[in-house]
Amino acid sequence: MPLKILKKSMHQLPVHPSLWLRLLSTHALVMMIGIGAIALVDSLYHVNLSDVLVAATVSVLSVITITILVSTTISRPLERMETAIHIFQSGDLSMRIPACSIPEIHRLGMSFNNLAASLEGVEQRRRELTSDLAHELRTPVTVIHGYLEMLNTGRIAFNPAIGGQMVQETDRIQRLVNNVLELSKLEAGYLPLQLQALQPVAILNRVATTFEPECLKANCQLQLQYPSPLPTVFADPDRLTQILVNLVNNAITYSPQGIVMLCAWESGAMLWIAVIDTGIGIAAKDLPRIFDRFWRTDQSRALKLGSTGIGLAIAKRLVELQGGQIEVESELGKGSCFRFSVPLHS
């Protein structure tokens, strides 16, 4: 659709005053030459026929010259632009339109180049996502296929451990697919938010209660720390819960036999919520990429723990959509602090 609009714009170029002035000057010049040629013919008519022919020839050549100049100045850049669009449509997303001396055509060309760069970026991200998704799905599918093949050939007998492993890998595939679908909706802007005034205390307490079994299993302590009362915030309750669940789950997962603190405080026009743990931490070189999709600091450990590398990317996008920001501080062997903000209700 954008390419069709752009091609249509080539035939409906916005008329700028400077373009009108140049076209008017061109026509005036042609008229002046024509009038001069007629006057010259009139004055020489009774003198010499060859002079009349010379004057007519000069007039015709002048008009042809001006026409060629106009064609070169306006038509050729438009033809080059149309050719570039055809090349772009054929799949060469690196195609760009060169600069033009006519401001109107130059602006139209730059608009095309901006559109082309944007589409090229989208295509690159699509390829990366496809590659990452294929890579992430390969491991659980291989595990399940291996078990099924051995069970089918009778090399092993079914037992609860094998069944549990297959269920775990199936859950991992389902979680990965759900996360990818949600991330794609977020990036495409198709995930609506139900922003409303709400009290964050209830959500903090509910999340803490939800993770009590996980804390017992990991021998981890989950502590709540916030002043009472907390101010009302303007956010989506479901998405706020989703962010907290993701951050707390990561903190517990990577902090076995440690402490996880869920803190909140008011700062300016924002409420900040932090999830602090005493876990394995993150290397400084990995912090700039921690919110990239499919990025995991420890591939082998992440695979063992069932991490998909998408949760933090989703959390970051959800925070930004609600008008906040998310930050991380961490040190290897000492733990991590993920904190994010949501606007206060005015």
Side-chain angles (χ1 to χ4, degrees), residues 1-40 55-132 183-192 288-289 291-293 313 316-317 320-321 323 325:
M1 182 62 69
L3 291 176
K4 292 181 179 179
I5 295 174
L6 191 58
K7 290 182 69 176
K8 183 178 180 181
S9 299
M10 291 177 56
H11 301 285
Q12 298 178 351
L13 191 66
V15 180
H16 191 270
S18 62
L19 181 59
W20 276 114
L21 182 60
R22 287 197 298 273
L23 291 176
L24 183 61
S25 300
T26 301
H27 286 295
L29 182 60
V30 172
M31 291 174 63
M32 290 175 63
I33 293 176
I35 294 172
I38 292 173
L40 183 61
T57 302
V58 171
S59 179
V60 171
L61 290 176
S62 300
V63 172
I64 292 175
T65 301
I66 294 175
T67 302
I68 292 174
L69 290 175
V70 172
S71 175
T72 303
T73 306
I74 299 179
S75 300
R76 289 185 181 178
L78 291 178
E79 291 173 359
R80 288 198 298 267
M81 188 178 298
E82 187 171 12
T83 300
I85 290 176
H86 286 311
I87 295 174
F88 190 82
Q89 284 181 312
S90 68
D92 184 2
L93 301 184
S94 63
M95 186 63 193
R96 298 294 184 271
I97 295 176
C100 179
S101 59
I102 301 178
E104 296 79 13
I105 298 179
H106 178 75
R107 287 197 298 270
L108 186 59
M110 293 304 99
S111 296
F112 171 86
N113 290 343
N114 292 335
L115 173 63
S118 176
L119 292 177
E120 188 176 21
V122 170
E123 176 63 15
Q124 178 64 26
R125 290 193 296 271
R126 183 194 66 79
R127 291 175 181 174
E128 292 175 354
L129 179 59
T130 302
S131 175
D132 291 339
L183 183 60
S184 65
K185 290 180 181 178
L186 281 169
E187 292 183 342
Y190 294 147
L191 194 65
R289 298 197 60 187
F291 294 108
D292 292 353
R293 63 189 181 197
K316 181 176 185 293
R317 186 62 180 142
E320 292 173 345
L321 286 175
Q325 63 185 72

Ala84 and Ile97 have their tightest heavy-atom pair at CB-CG1, 3.7 Å

Between CE on residue Met110 and CZ on residue Arg96, distance to nearest 0.5 Å: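 Result: 10.0 Å between the selected atoms.
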
Separation between CG (Asn113) and CE (Met95), nearest 0.5 Å, reads 9.0 Å

